[in-house]
Amino acid sequence: MTAAPAQAASKDKPAPAPAWLLRHPLLRPLAALAVLLLIDLLAIPGFFHLSIKDGHLYGSLVDIVNRAAPLMLAALGMTLVIATRGIDISVGAVVALSGTVAAMLIGGAAQAQTPLGWAMAAAMGAALLCGLWNGVLVASLGLQPIVATLILMVAGRGLAQLLTDGQIVTVYHEPFFFLGGGHVAGLPFSLTVVAVVFAVIALMMRKTALGLFIQAVGINPVAARLAGLKTASLIVFVYVFCAACAGLAGLMISSNIKSADANNAGLLLELDAILAVTLGGTSLAGGKFSLVGSVIGALIIQTLTYTIYALGVPPEVNMVVKSVVVFLVCLSQSAQFKHLFSRARSA
Amino acid sequence: MKSPYFTPLVTLALLLAMLGIGGAVYPGLLSVQVILNLLIDNAFLLVLAIGMSFVILSGGIDLSVGSVLALATMVSAWLLQVAHWPPLAAIGLVLLLGALFGGGMGAMIHYFKLQPFIVTLAGMFLARGLCYLISINSITIDDPLYLAMSQTQLGLLGGFVSPSALIALGMLALAVFLAHFTAFGRGVYAIGGNEQSALMMGLPVARTKVLVYAFSGFCAALAGVLFSFYMLSGYGLHAQGTELDAIAAVVIGGTLLSGGYGYVAGALSGVLVLGTIQTLIAFDGTLSSWWTRIVIGALLFIFCVVQRLMAIGAARRAA
Amino acid sequence: MIEAAQAVAPVLELHGISKQFPGVNALSNVTLKLYAGEVHTLMGQNGAGKSTLIKVLTGVYAPDGGTIVMEGREIRPGSTQDAQRLGISTVYQEVNLCPNLSVAENMFIGRYPRKFGMLDWAGMRARASSLLEQLEVRIDVRAQLSSFPLAIQQMVAISRALNMSARVLILDEPTSSLDEAEVQLLFRVLRQLRDQGMAILFVTHFLDQTYAMSDRITVMRNGEREGEYACAALSRLALVNKMVGAPDASEHAPALPHPAAAHEQPATLLRARGLGRKGALAPLDLDIRAGEMLGLCGLLGSGRTEAARLLFGADKADSGTLRIGGRSHPFASPREAIAAGIGFCSEDRKHEGAILELSVRENMILAMQARAGLLRAIPLREQQALARDYVKWLGIKTADIEAPIGSLSGGNQQKVLLARWLVTRPAMLILDEPTRGIDVRAKQDIMDYVSGLCRKGMAILFISSELPEVLRCSDRLVVLRDRKACGEYQRGELDDTSVLQVIAGEAA
Amino acid sequence: AKALTIGFSQVGAESEWRTANTLSIKDAAKKEGIHLKFADAQQRQENQVKAIRSFIAQRVDVIAFSPVVESGWETVLREAKAANIPVILTDRAVNVTDPSLYVAFIGSDFVEEGRRAGRWLLERAARTPDRTFNIVELQGTVGSAPAIDRKNGFAEVIAANPKLNITRSQTGDFTRAKGKEVMEAFLKAQGKSINVLYAHNDDMAIGAIQAIEEAGLKPGVDILVISIDGVKGAFQAMIAGKMNVTVECSPLLGPQLMAIARDVVAGKPVPKRITTVEGVFPAEVAAKELPNRKY
Ligand SMILES: Nc1ncnc2c1ncn2[C@@H]1O[C@H](COP(=O)(O)OP(=O)(O)OP(=O)(O)O)[C@@H](O)[C@H]1O
Ligand SMILES: Nc1ncnc2c1ncn2[C@@H]1O[C@H](COP(=O)(O)OP(=O)(O)OP(=O)(O)O)[C@@H](O)[C@H]1O
Ligand SMILES: [Mg+2]
Ligand SMILES: [Mg+2]
């Protein structure tokens, strides 16, 4: 019951008393991120060093946000799905599919076969169709979200491979690289994309009743229906939105590596996205959610990955380190654990 | 969703239909041995799904089972081949460790009010990571008991089954007993139905929840032992992504992921459905890698949708 | 009797119990004594702290201060399990059972009968049936709990508690969803238990029930113990005054703004013909006029809720027609009904009403926002103003309009849900047990307010298990029996006794 | 005569290399008029075992497969032997106590590939005897046979020259995206001190090359790029001067497999181990070689 205040509500809280600040649900994910960055600061020389290279910012921090961009997008989409008590495990497959569609249409020459805009639109269209498919299976047929999206998780990647005959499609059309590798005002363009998506959805939460409706459907679907909500359409919408985010992430990933790798693009991205959402303080039981939290969660994950690389951790130890950190971050978020800890200290 | 009693029957009927159609299209599919192979090849998955059933019925989820399985193969291989333990002692220790691993996660989930998904996901990384700490190579097992378990063929209905398949079926019987005839099992259902109410009714929620994850860990370790009978090796890359198969099997078997509704026995039908889909594809033998995926997806889709429609229809008729 | 009881030591004593929630002093320094062989009633307005006291007593919450003494020994129940082990058996205010399990299991969970180390299913069912039989509930105990209406679930919860060989029995508003006959049955059983020496703590908002059952009354107000009285020595008026505080309690429960009466326009607003659903309700003809309050009455399970759900489109009718304001409306969903100006306040607030983690404000404006549509968000300021107004008018006791509704007391949650529909200003409002769990004072205010709306032109379909209330308020009465309408009466045609005969099917 | 039926269990379609491998086998079968039963195991050993069991049930003439891992094949191979179906391994060997469980193994030697990559670097280093080389390594999937063997082979050879040091080694999961991501981190951590990149496959190398370019360095010049597989992309990179050498690991096993399958069924003796002919292609020959590449 100590859930995040609704987006709209938090605005009108009285002046931020320190106690209120300390109880803020985003405090703990932020603290976890700060601790990770602190470790980096101490252990990795030059970690915070930023320089200007070719007119844009260059450094570890830039890498982290740039790499985290697709994950942030996927996590934003996943947040809404999870808020309705659903789950979407087809995110990785949609990533592969959209990247592939775009790369196939653009083709392997410096000149695009299909105009770039059309190719991207087609890729997003494919992603939206995937979302619609998931949404209809969940909302209209009442399949359980995990099986409904499992179908696409298995088949989606297959479709992508079918398009490419299992080959990696390398793209040579320069403008395509802007999405994942370009820079605006010295910052990675991908960050701008995430910011825009975030702004749009945050604005929707504030200016429309979407947030309220999604939470209501997630917490008590029966009561929500009796109160007159279009529960089915809402559910379809969140899956479509999630797929759109995944589609955009797919374009970003394939633009960044200048190729579409149907078999590996976005592999296990759904797990990372769900992890990011939960690290950000949103409960998988649905209801209250925090978009900012999910973004922070994604940053935590990417910072951790980057730290592991930069510290020179041997690859066979990667997983153990990752798991220990996830455990610690979780525990740091647990009020019960803090209780135990403070009791132990006072004793 | 109101008729959980019905779903397993639908699943079974659909399964038979699927095998029937498959048999008509692919000669040789309907042989006794092919059917028994479903059991032999999926014994470990069945055991995983049994443990997973309890977790899901209690309203949780356990993503670590695939990795714990791999860890169990790795630890048993190491104990046998490097530390030269007697096989039964090694098996005993592995099962114990599995239960402890699961129980530890359960305790974190319950006492620190953490989300099962995230804790078991971290558990999944941890177990796989521990495999690599033991060795990144696969370790071949040549212990005579393991060899015997691996190669013994017990005649049945003109075909044969492996001891592992029987162990898995035994486990299923035990699990059905646990779920329906013990206070523990009913407690699991109650917690899945409404944890708050279960607490108010005075159920030992803490103990039950920790035990559920311990049981799942135990099942994962047992599945690991069966897997090492099957593969005669310990390897950190074994059974990647199997947790998803186990979850899918449980859900296809008619258990609701939100907890409280379903049957443990449904796990068997779920596992057989997944196994049958694979067998059909192997018998077809013309599908490329991507078509394999698409066809698996399509079969899953048809299966789930028909299952759902029939359940809706049945609920209508009952009303 | 009271003197006799006083001579012996109490079974259970609470001393100086305090409990705080963020922003609320739910209990401060509360003292309570329970004696064997006595029914002790706890009374107080909504949010006075009754349920919290019970939860502290049974180990759900840890008290911030104070001691609990049972038979001379201090106890500290850390969980409901502890409390049960100590011999305290409880029925909580909201039905706390597992919807997915069978009725029989819900009654025996945690203490299953065993045979050869296995659960004895057959024995369990037999005993469950016979226990329910005591309360004259005859149902298939193998069926899932969720397939039964709230009232039956409540009966199951009660028989679960009766079944324990407990020393102390606590019942928090057990009668709120029961009708007269069930209440009498329950009381018969309670008296038996009392005579066997059980100490019974009972919470209700019905004065009649209080006087029918209790030996002693403790009145609570604002988290404090106002006083303890022998039942016989306290008049009803005095009791109400003690609950409300000073006679001029206007600042606690400000009077509702009374909508002015509109000129009567007896146009038929809703006309149902042959509306029915297989297995739920036989085809029903119903007319409701604007400005009319139509009462639906019948026994438990007579189909009142089903009728309401069909009218609202919560369940889809499989026969018949529905016309509203002259237009045909085959409602496929509540949404369409709401668009046509109907509101429906469900009887099951936990499952069909409250969205627990959302705030009071959000719960209140949900239906209004749904009607306005996704895109036309009601400005936050307007929402807050509305919420504050209704909190004031309905006397909702909450720390803040941004507090989650789950942190409110049961009666206050009910008021919020009522407000959800009132803010939509519907042409017709279906109220299914709208005053469940609401205290005497507020009940009067709310019914007056609703009558006022009605006079102003709103049509109201009123369902309540409290026959006097229905009789008093309704302009017209439709009686249901066995899921079929069996009579229609104008105001004044029936009185307290004849209505019972009609309902039971004894009248001609 | 009745057409020969071969049951082939493939690992999956995880890389271009694997796809080329599959294609080669399918084409060869078609050309030879052999009936091919193909099963994709999606990277899972248990699926391969299942597929082999179904081949046995269908009584194919020959079973061939690319094992996901070396160990764990005893039981099912015994079943195949009991059913008198000869087994041919491709691409990777298996670890069994009874070598008669399979008739032949066609494939590459991953350790040797690692050694070749190492030898190329040794020669290159010999040109500038005073210079030390800091090497970063992009490993394949942790625990997979090619990753382990290519690492060991390479390490074994470069141990001969103390001026060659592997300073960092991290897994890139055989993919472009991971290769790029890991290389980015390496570059930030070590900057200009990296002299050589050794990647366990071409895909990771191609990803890493992008990272090197984005860091403002010249791949192939500032940092030597060595990788394994020899896919087309690698040749194109070499022609552009961004990669220095790729060690071939040929996926084109189809024709050989079909020929041996025929021999086995005909009862002719076949060699137990058939190593495919594989080259080392430095950048100098890339332009000439590219037109000959089939994958
Ligand atoms: N979990 C909680 N968190 C915050 N406040 C709470 C919580 N539970 C109860 N309260 C507050 O404590 C006060 C007492 O509530 P309680 O439920 O005991 O009232 P009650 O006397 O049972 O009322 P009712 O007659 O409506 O059931 C109320 O103001 C309520 O808002
Ligand atoms: N005493 C009883 N014994 C057996 N079944 C009952 C009893 N009372 C109700 N039921 C069941 O209740 C269901 C009908 O409930 P419904 O919600 O229509 O009742 P209602 O008229 O709205 O009464 P209430 O609102 O008081 O629950 C039926 O399924 C019926 O079997
Ligand atoms: Mg109460
Ligand atoms: Mg009712």
Side-chain angles (χ1 to χ4, degrees), chain B residues 26-29 31 33-34 37-38 40-42 44-45 73 77 128-129 131-132 135-142 147 149-151 153 160 162 227-242 245 275 278-293 296, chain D residues 5-14 18-19 22-23 26 35-60 68-76 78-79 82-83 94-97 139 141-145 147-149 151-152 171:
Chain B
Y26 307 114
L29 183 87
S31 73
Q33 192 53 48
V34 171
N37 278 349
L38 279 180
I40 299 175
D41 292 331
N42 294 299
F44 72 95
L45 185 59
T73 66
R128 270 235 195 258
C131 291
Y132 300 137
S135 164
I136 55 168
N137 285 304
S138 72
I139 303 177
T140 304
I141 299 174
D142 55 14
L147 280 176
M149 289 305 267
S150 160
Q151 282 152 15
Q153 302 185 339
F160 66 88
S162 62
F227 202 85
S228 44
F229 291 162
Y230 187 54
M231 294 297 181
L232 290 177
S233 67
Y235 189 33
L237 285 175
H238 269 329
Q240 297 235 45
T242 310
D245 290 349
Q278 277 192 341
T279 308
L280 286 179
I281 285 172
F283 265 81
D284 181 81
T286 59
L287 298 174
S288 65
S289 302
W290 31 97
W291 275 111
T292 302
R293 284 188 164 149
I296 291 178
Chain D
T5 305
I6 296 185
F8 181 74
S9 165
Q10 179 60 287
V11 173
E14 75 280 8
R18 186 67 64 192
T19 310
T22 304
L23 213 62
K26 284 193 167 173
H35 185 64
L36 183 73
K37 288 246 162 206
F38 176 85
D40 174 284
Q42 319 228 324
Q43 273 87 286
R44 308 244 294 253
Q45 186 180 14
E46 60 271 26
N47 290 355
Q48 285 199 305
V49 174
K50 288 175 200 170
I52 293 171
R53 289 226 161 94
S54 82
F55 293 150
I56 298 173
Q58 296 176 75
R59 314 218 57 83
V60 298
V68 174
V69 295
E70 292 178 347
S71 49
W73 297 102
E74 291 269 1
T75 317
V76 68
R78 264 177 220 284
E79 285 171 28
V94 298
N95 219 334
V96 283
T97 43
Q139 298 184 21
T141 308
V142 178
S144 65
I148 296 170
D149 292 349
K151 177 180 168 65
N152 291 343
T171 174

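Each chain gets a letter, A, B and so on, in the order its sequence line appears, and its residues count up from 1.
- When side chains are defined from C-beta on, B/Leu287 does not count as touching D/Asp40, because their heavy atoms never get closer than 4.5 Å.
- In this structure, D/Lys26 and B/Ser288 have side chains that are in contact, with non-hydrogen atoms separated by less than 4.5 Å.
- Both the backbone and the side chain of B/Phe283 come within less than 4.5 Å of a heavy atom of chain D.
- B/Gln153 contributes atom CD, which lies 9.5 Å from atom OG1 of D/Thr75 (distance to the nearest 0.5 angstrom).
- Between chain D and the residues B/Ala239, B/Gly28, B/Gly275, B/Ser228, the most heavy-atom pairs under 4.5 angstrom are made by B/Ala239.
- Within the model, atoms CG of D/Asn47 and CG of B/Asp41 stand 9.5 Å from one another, a figure rounded to the nearest 0.5 Å.
- With a 4.5 angstrom heavy-atom cutoff, B/Asp142 does not touch chain D via any of its atoms.
- Residues B/Thr140 and D/Glu74 have side chains not in contact (no heavy-atom distance under 4.5 Å, counting atoms from C-beta outward).
- Only the side chain of B/Asn37 comes within contact range of chain D, with at least one heavy atom under 4.5 Å from a heavy atom of that chain.
- In this structure, D/Asn152 CG and B/Asn137 CG are separated by 7.5 Å, a value rounded to the nearest 0.5 Å.
- Interface remark: D/Ile56 contributes no atoms to any contact with chain B (heavy atom separation under 4.5 Å).
- D/Glu46 places a side-chain heavy atom less than 4.5 Å from the side chain of B/Phe227.
- Two residues are said to be in side-chain contact when any heavy atoms from C-beta on lie closer than 4.5 Å; B/Ser289 and D/Phe38 meet this criterion.
- Of the listed residues (D/Gln42, D/Gln10, D/Arg53), the one with the most heavy-atom contacts under 4.5 Å to chain B is D/Arg53.
- Atom CZ of residue D/Arg44 and atom CD of residue B/Gln278 lie 7.5 Å apart, to the nearest 0.5 angstrom.
- Only the side chain of B/Trp290 comes within contact range of chain D, with heavy atoms under 4.5 Å apart.
- Annotation: maximal heavy-atom pairing with chain D below 4.5 Å, among B/Leu45, B/Thr242, B/Thr279, occurs at B/Thr242.
- Chain D forms the most heavy-atom pairs under 4.5 Å with one residue out of B/Ser31, B/Ser150, B/Ser135, and that residue is B/Ser150.
- Residue with the most contacts toward chain B among D/Leu36, D/Ile148, D/Asn95: D/Ile148 (heavy-atom pairs, distance under 4.5 Å).
- The shortest distance between side-chain heavy atoms of D/Val68 and B/Gln240 does not fall below 4.5 Å.
- Both the backbone and the side chain of D/Ser144 come within contact range of chain B, judged by heavy atoms closer than 4.5 Å.
- Heavy-atom pairs under 4.5 Å with chain B were tallied for D/Ala39, D/Ser54, D/Ala51; the largest tally goes to D/Ser54.
- Proximity of B/Leu237 to D/Gln45: side-chain heavy atoms (C-beta onward) are nowhere separated by under 4.5 Å.
- In summary, of the residues considered (B/Ile40, B/Asn42, B/Leu38), a side chain to side chain contact (heavy atoms under 4.5 Å, CB included) with D/Lys50 occurs for B/Asn42 alone.
- A donor-acceptor pair under 3.5 Å is absent between the side-chain atoms of B/Tyr26 and the main chain of D/Gln58, judged by distance alone.
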